[in-house]
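One structure below.
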Amino acid sequence: MAENSVNSGKAAFDKPKVELHVHLDGAIRVETILDVAKRRGITLCANTVPELTKLITVAKPGTLTEFLVKFSLYMPAIAGNREAIKRIAYEFVETKAKEGVIYIEARYSPHLMANSNVDPIQWNQEEGDVTPDDVVHLVNEGLKQGEKDFKIKARSILCCMRHMPKWSMEVVELCKKYRNDGVVGIDLAGDESLSHEACPLHCKAYEEAEKCGIHRTVHAGEVGLPSVVREAVEVLKAERIGHGYHTVEDQDLYKQLLEQNMHFETCPISSKLTGACDPDFTKHPIIRFMEDKANYSVSTDDPLIFHSTLGSDYQVLKDYMGFTEEEFMRLNINAAKSCFLPEKEKKDLLNQLYEAYGMINDTSF
Ligand SMILES: [Zn+2]
């Protein structure tokens with residue numbers, strides 16, 4: 001598979017990168033899952049790294065539903081455990097630093113890692129004392145420690161889940177509470193076939209987010225129709241679209257979003273393995289985004305489950321879609337411009353990229 005090619009020879013893009021779409025709970029190390037499970041006396045479906053990797057990893061294109069089932073194989077080990085939650089956030093920053101990422105936005109549902117104050121409690125856990133609020137606090141601690149040790153910047157986005165509308169108002173409240181402490185935005189994740197129209201609570205949460213100046217992204221047009229993208233933009237007032245590949249099937253909408261400079265968070269390997277796009281990478285909608293000079297970025301989405309790295313995603317773009325060094329730089333600059341940092345920090349991040357890419361000009365002097 002293409003993702004193996006990253007290990008052979010030079011990286012496709014060896015310069016500083018910005019990653020905007022990666023799920024913290026889809027980016028855990030297999031070693032950590034096994035270690036935590038052992039410490040907690042939790043029995044998983046496998047006891048060794050190769051065995052567990054094989055069970056968790058999606059190796060060939062499947063459905064989004066098959067993919068979502070993978071989380072149930074390992075989340076019982078992590079959820080509800082303070083040490084584990086902090087640890088996965090910390091290790092995540094280390095991994096990203098090694099991949100050459102200088103700014104990362106990690107996303108997760110606080111409810112999916114809690115075992116108290118959450119209804120229903122997920123992953124067949126017993127009730128405990130880790131609330132969604134505690135989860136955010138723990139992730140923040142792990143990210144901050146990671147920032148200090150690995151010298152990159154890490155922020156987070158809190159996810160609402162499409163199938164759990166009753167959590168959404170709590171999610172936006174947590175975004176508000178922690179907006180000056182690491183949380184930069186809100187997301188809506190999960191099964192897109194559950195249209196938000198049936199879920200006024202998601203709408204209400206996004207309305208509140210907009211009112212309070214909380215940045216907004218929405219998973220849309222990944223496997224879903226362009227109409228889900230339109231809803232995300234027009235109803236939920238999304239500033240970025242998670243994936244958005246199927247937008248190109250509605251030319252009017254696509255044109256409109258190009259004009260609006262809407263940001264698409266693309267994840268090439270993910271889109272193949274979840275069955276979101278044609279498995280033939282040479283027919284991928286990202287090629288259209290590139291040709292049209294659209295505003296988009298490249299991310300891993302769930303590297304644990306896709307057995308991928310950010311490097312392997314870049315490799316795919318280079319090997320199958322004709323991406324050049326210039327385009328890699330352009331898409332990272334777009335990622336920085338569309339990130340959810342406050343303006344001043346965004347400017348600093350952009351300057352870091354311009355400098356690393358040899359694009360510093362002296363016009364400011
Ligand atoms: Zn995602």
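Keep in mind that this is a model prediction, so the values were computed, not measured. Every number for a ligand or one of its atoms is a count from 1 in the order of the listing.
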Show the numbers, then the answer: is there a ring-ring contact (aromatic ring centres under 6.0 Å, His included) between Y245 and F289? CA-CA 9 Å; Y245 317 118; F289 292 170; 7.1 Å; no

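- Between atom CG of residue L236 and atom CG of residue L188 there is a gap of 6.5 Å, rounded to the nearest 0.5 Å.
- Rounding to 10 degrees, one finds that the Zn ion (ligand 1) sits at the corner of an angle of 90° between H219 NE2 and H21 NE2.
- Distances from the Zn ion (ligand 1) to the N/O/S atoms of D301 are shortest for OD1.
- Residue contacts to the Zn ion (ligand 1): H243 brings no N, O or S atom closer than 2.8 Å.
- Using a 4.5 Å heavy-atom cutoff, the side chains of H21 and H243 are in contact.
- At least one N/O/S atom of H23, whether from backbone or side chain, sits less than 2.8 Å from the Zn ion (ligand 1).
- The two residues H111 and Q122 have their closest heavy-atom pair at O-CG, 4.3 Å.
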